[in-house]
Amino acid sequence: MDRCGWAGPEQIYKDYHDTDWGVPEYDSRALWEKLVLDGFQAGLSWLTILKKRENFRAAFHGFDPNIIAGWGEDEVARLLGNAGIIRHRGKIEATIGNARAWQKIEQQQGFDTFLWGYVGGAPLQNHWASLAEVPAQTPLSLQISKDLKKAGFRFCGPTIVYAFMQAVGMVNDHLVTCPRHAEVARLAADHSPN
């Protein structure tokens, strides 16, 4: 497979590229999990997060924001002692605050509806020929970042948000030379509001 250049050489990276990255995600909890993991990735490689993803899921009770929203200093201390995750106090505390912010948005309109509203409910289809063309952020990711921060989220700058948008399929940023571009585009068509 002529994968996107960022996917490899490790098998876990290839598998993520081939099955997960760019697939439209419409589940509110799963969207929140991916946003949290992208926040933990700040300053690190995504490969580091992928290798620890199952540890994160166990440590954060399956990324159930309704559980995490009730956490306090005892849980922060427990997580800081967990070598299986990224032990960063600011990111851990942000996750707890982000769970509370998620609850508010989820109750008002649904976190999925909130996010997918930015792209009209269906993924934006980009047609990049090389990795050099793919932006690190866009005006849309900047707007979403601002709106998330206004809602109480942290660790959600425009670069993190764009990586998140790529991961959850809000944008199809597989290169046009990658077989996954057409596959993901077909998945997106299945969810088109038109």
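One-based numbering along the sequence shown.
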Determine whether L131 and V184 fall in the same hydrophobic cluster, where Ile, Leu, Val, Met, Phe, Trp and Tyr are linked whenever their side-chain heavy atoms lie under 4.5 Å apart. no

Step by step, work out the side chain to side chain contact (heavy atoms under 4.5 Å, CB included) result for L140 and V119. CA-CA 9 Å; L140 182 56; V119 293; 3.9 Å; yes

Ignoring hydrogens and geometry, is there a side-chain-to-backbone donor-acceptor pair from R180 to H174 under 3.5 Å? no

Is W102 reachable from F56 through a run of hydrophobic residues whose side-chain heavy atoms are each under 4.5 Å from the next? yes

Do you know which two heavy atoms are closest between F164 and L31, and how far apart they sit? CE1-O, 3.2 Å

Between N172 and N126, is any side-chain donor less than 3.5 angstrom from a side-chain acceptor? no

Close aromatic pair by centroid cut-off 6.0 Å: Y13 and Y16: no

Under the side chain to side chain contact (heavy atoms under 4.5 Å, CB included) rule, what do E25 and D27 come out as? Steps first, then yes or no, please. CA-CA 6 Å; E25 177 61 69; D27 179 79; 3.1 Å; yes

Hey, are R78 and E73 close enough for a salt bridge, meaning a charged N less than 4.0 Å from a carboxylate O? no

Do E10 side-chain atoms and I12 backbone N/O form a donor-acceptor pair below 3.5 Å? no

Rounded at 0.5 Å granularity, tell me how far OH in Y162 sits from CG in D173. 3.5 Å

Backbone N/O of D112 and side chain of S28: donor-acceptor pair under 3.5 Å: yes

Between the side chain of N98 and the main-chain N/O of R154, is any donor-acceptor distance below 3.5 Å? yes

Return yes if some donor-acceptor pair links the side-chain N/O of R29 with the main-chain N/O of G62 below 3.5 Å, else return no. yes

If you compare all heavy atoms of I105 against all heavy atoms of A151, which two are closest, and at what distance to 0.1 Å? CD1-CB, 3.8 Å

Hey, any chance I160 and I96 share a hydrophobic cluster, counting ILVMFWY side chains that come within less than 4.5 Å of each other, even indirectly? no

Side chain to side chain contact (heavy atoms under 4.5 Å, CB included), that's the test. Do I86 and I49 meet it? Break it down for me. CA-CA 8 Å; I86 307 301; I49 302 301; 4.0 Å; yes

Quick one: do R53 and D20 satisfy salt bridge (Lys or Arg N to Asp or Glu O under 4.0 Å)? Show the steps, please. CA-CA 13 Å; R53 185 162 57 168; D20 198 359; 3.1 Å; yes

Determine yes or no for a side-chain-to-main-chain donor-acceptor pair under 3.5 angstrom, with E75 supplying the side chain and G72 the backbone. yes

May I ask you to say whether R3 pairs ionically with D18, meaning some side-chain N is under 4.0 Å from a carboxylate O? yes

Please tell me whether W128 and H181 form a close aromatic pair, meaning their ring centres lie under 6.0 Å apart. no

Does W21 have its ring centroid less than 6.0 Å away from the ring centroid of W46? no

Could you check whether any side-chain heavy atom of C156 comes within less than 4.5 Å of a side-chain heavy atom of K149, counting everything from C-beta outward? yes

For H88, give me all partners under ring-ring contact (aromatic ring centres under 6.0 Å, His included), at least two apart in sequence or on another chain. F155

Passing candidate, ring-ring contact (aromatic ring centres under 6.0 Å, His included) with F111, options Y26, W116, W32, F153: F153

